[in-house]
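First the structure, in the form of structure tokens, and then the observations on it.
The residues of the chain are indexed from 1 along the displayed sequence.
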Amino acid sequence: MTFTPEQLQDAAKQHLWMHFTRMSTYNDSDIPVIVRGSGPYVYDDKGKRYLDGLAGLFVSMVGHGRTELAEAAAKQASELAYFPLWSYAHPAAVELAARLAELAPGDLNKVFFTTSGSEAVESAWKLAKAYFKRIGEPTRYKVLSREYAYHGTSMGALAITGLSAIKHDFEPLPAGGIRVPNTNIYRAPDFAAEWSEEQFGVWAADEIERAILREDPESVAAVFLEPVQNSGGCFTPPEGYFQRVRQICDKYGVLLVSDEVICAFGRLGYYFGSTRYNYQPDIITFAKGITSGYSPLGGMIVRDELMEPFRTGTATFLHGITFAGHPVSAAVALANLDVFERDNLLGNVRENEGGFRSTLDKLSDLPIVGNIRGAGYFYGIELVKDKATKETFNDDESERLLRGFLSHALFDAGLVCRADDRGDPVIQLAPPLICTQEHFDEIEQILRSVLTEAWSQL
């Protein structure tokens, strides 16, 4: 069956329930329907082109239309389309696990596959609790994470997520999620207004220690942190922050989980964000960019010692997912990593991130732009009412600005990005890793035009 654009609209409105979407938004307007992609661009069903400034959803690292990834999927599907990892192995999963272990920092050598980032986070929490029970510390179950941080939507991952607004409909959640401050120095507390970035980082890390002590160290299993925090708008870590957090975790026997569902596989110019910021996690969670979105895959990479209690006798990590480490997805991931190496995509990000940042910094002359922050190919632009005082928008103003104008206007202007207010209002950008200066200029020009119009309407 081939639908016309009109039939697609009708069917979508009648049958498709989109994720994180106010369905009423499209009562009187068309649902955007993206039909194909090529490089850093996607095209809708009317033929209009858009620069994919969010890499789909922080996913399309190598860009769209890579026939070699499609061919890898087809080849694997023709040989072995599916077999589980429940007491069996298949070559693609074995080869990918070995390759990830080689790329991961330190003694992160054991790979447990999932199909998504939420499942990866969920698996890491379950492993932390099971591990401590196995080594005789059964009271450890709590996890610390940062304010506004997003770690997924399954019930366990949602308990770790630091966004209260998306939790209410699903409470009560599993017990044990504890919040600590994030590293947004632009919105530092008043008492820290005159601190250096390094001082602020020490305070933010020490708040983790204070939280561990408040909760009782013997009850805390893990700390979940992103290398650069996504939700809230790309909060980078101050110098020395992660090194101090590592010391604190070691002091109290707490696991450090680096949630790299967004930050791994080149987003920050390295295979893993923990490598960029020079810290050693106990667990890395990953998804998204490992296949560049050509097939679903996620997982966690763990230190050798965390598997030791499960290597003898009847001990078993009683957790599994039907499609985890799917043969087709694993084959696509291997082909994706081949593209990374062949096209030197990590080098492309490191070579061009300065140009990306300086191009976005041009927007600082706009009265609505308060702060530009991020790293690699991952940036947030915080919007303000008053640059001098950093006054932000109230809820009604933010609603009108972001959902009433910016989201539609930016898309209509040909840019896929995120206008978000999980925290203060921000625009987020995470383009495919193949992008270069011409694409940065296009992003800046669209943002400048739309943000100028937005300011005139305030």
Side-chain angles (χ1 to χ4, degrees), residues 37 39-41 51-66 68-69 72 96 99-105 108 111 116-117 120 226-230 234 236-237 242 258-279 281 284-301 329-330 332-357 359-360 373-380 416-418 428-437 439-440 443:
Y41 295 97
L51 177 57
D52 188 1
L54 203 64
L57 194 62
F58 314 104
V59 168
S60 302
M61 302 303 202
V62 302
H64 302 278
R66 290 277 191 170
E68 60 264 60
L69 300 193
L96 180 58
R99 194 160 178 179
L100 291 174
E102 183 179 357
L103 296 174
L108 289 159
V111 181
S116 72
E226 298 165 274
V228 174
Q229 182 176 319
N230 167 45
C234 300
T236 55
F242 275 111
S258 188
D259 183 355
E260 305 208 19
V261 169
I262 287 177
C263 290
F265 304 107
R267 181 55 54 201
L268 302 179
Y270 296 80
Y271 279 114
F272 298 100
S274 46
T275 301
R276 173 168 182 147
Y277 293 111
N278 193 31
Y279 65 94
I284 288 177
T285 56
F286 65 88
K288 295 188 184 289
I290 188 170
T291 65
S292 286
Y294 284 73
S295 190
L297 186 65
M300 59 177 176
I301 316 173
S329 295
V332 168
L334 288 165
N336 185 54
L337 292 174
D338 287 343
V339 173
F340 269 70
E341 293 180 7
R342 186 194 70 209
D343 294 356
N344 189 27
L345 293 185
L346 301 183
N348 187 64
V349 173
R350 292 198 293 268
E351 180 181 344
N352 288 294
E353 70 171 308
F356 189 20
R357 177 58 186 260
T359 302
L360 293 179
R373 52 185 178 253
Y377 275 22
F378 189 33
Y379 283 94
V416 177
C417 61
R418 170 181 275 175
Q428 281 189 284
L429 299 160
L433 309 187
I434 59 174
C435 286
T436 55
Q437 189 61 47
H439 306 109
F440 309 151
I443 289 170

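In this structure, E351 has no salt bridge (charged side-chain N to carboxylate O under 4.0 Å, His left out) partners at least two apart in sequence or on a different chain. Checked against ring pair (Phe, Tyr, Trp, His ring centres under 6.0 Å), F272 has the following partners two or more places apart in sequence or in another chain: F265. The salt bridge (charged side-chain N to carboxylate O under 4.0 Å, His left out) search around E102 returns none, not counting sequence neighbours. Remark: F242 engages Y279 in a ring pair (Phe, Tyr, Trp, His ring centres under 6.0 Å) (not counting sequence neighbours). For Y270, there are no ring pair (Phe, Tyr, Trp, His ring centres under 6.0 Å) partners at least two apart in sequence or on another chain. Residues satisfying the ring pair (Phe, Tyr, Trp, His ring centres under 6.0 Å) criterion with F58, sequence neighbours excluded, are F378.
Ion pairing between R267 and E226 fails under the 4.0 Å rule for side-chain N and carboxylate O.
A distance-only check finds no donor-acceptor pair linking the side chain of E260 to the backbone of I284 [under 3.5 Å]. For the pair N352 (side chain) and T436 (backbone), a donor-acceptor distance under 3.5 Å is absent.
Counting only N and O atoms by type, the side chains of T285 and D259 include a donor and acceptor under 3.5 Å apart.
Closest non-hydrogen pair, R373 versus R357, comes out as CA-NH1, 4.1 Å. For L268 against A375, the heavy-atom pair with the smallest separation is CD2-O, 3.6 Å.
We find the CG-CG distance between L69 and D338 to be 9.0 Å, quoted to the nearest 0.5 Å.
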